[in-house]
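Each remark here refers to the structure printed beneath this line.
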Amino acid sequence: MPVVAGRLRDPDINPCLLESDASTRCMDEYNYDRERCSTHFLKYKNCRKFWNSVMIQRRRDGVKPSMPAAAERDIILQAMGKMPY
């Protein structure tokens, strides 16, 4: 597996791995009919927006690393009580 592809599959680097996999599975199941998978695409887009805003805020606050690790993201989501996306 190429290094870039391996990084995208790493849950510590990609916070929206589940949403990405769900949209890919949907496309496979529905023979690449994008209209039928629009809810999955929207969830992925909202996930990326949410974690991008978290990353930007952490950079502003001087927190390293700017993207929280998978375990820290789970804690953040549990503190929120529900999925923000």
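Only heavy atoms go into these numbers, but all of them, side chains included; no hydrogens, no water, no symmetry mates. Treat the numbers as computed from the prediction; the structure is a model and nothing was measured.
Inter-residue side-chain proximity for N52 and I56 is flagged as met; some heavy-atom pair is nearer than 4.5 Å.
Applying the side chain to side chain donor-acceptor pair (under 3.5 Å) test to Y85 and every residue at least two apart in sequence or in another chain returns W51. For D33, there are no salt bridge (charged side-chain N to carboxylate O under 4.0 Å, His left out) partners two or more places apart in sequence or in a different chain. Listed by chain and residue number, D61 satisfy the side chain to side chain donor-acceptor pair (under 3.5 Å) test with Q57 (two or more places apart in sequence, or in another chain). Considering only residues two or more places apart in sequence or on other chains, R36 meets the salt bridge (charged side-chain N to carboxylate O under 4.0 Å, His left out) condition with none of them. Annotation: side-chain contact (heavy atoms from CB on, under 4.5 Å) contacts of L42 (sequence neighbours excluded): N46.
Here M27 is tied into one hydrophobic group with Y32, F41, each link being a pair of ILVMFWY side chains closer than 4.5 Å. Through ILVMFWY side-chain contacts below 4.5 Å, L18 is grouped with nothing and stands alone.
Within the structure, the disulfide (SG to SG under 2.5 Å) test picks out no pair touching residues 54-85 (sequence neighbours left out). For residues 18-27, the set of pairs meeting the side chain to side chain donor-acceptor pair (under 3.5 Å) definition, not counting sequence neighbours, comprises R9-D21. For residues 43-52, no residue pair satisfies the salt bridge (Lys or Arg N to Asp or Glu O under 4.0 Å) rule, not counting sequence neighbours. The disulfide (SG to SG under 2.5 Å) analysis of residues 46-85, with sequence neighbours excluded, yields the pairs C16-C47.
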With a cut-off of 3.5 Å and sequence neighbours excluded, list every side-chain donor-acceptor pair involving residues 62-84.
unit_1 : atom_1 : unit_2 : atom_2 : d
E72    : OE2    : R58    : NH1    : 2.8
R73    : NH1    : D12    : O      : 3.4
R73    : NH1    : P68    : O      : 2.7
R73    : NH2    : P11    : O      : 2.1

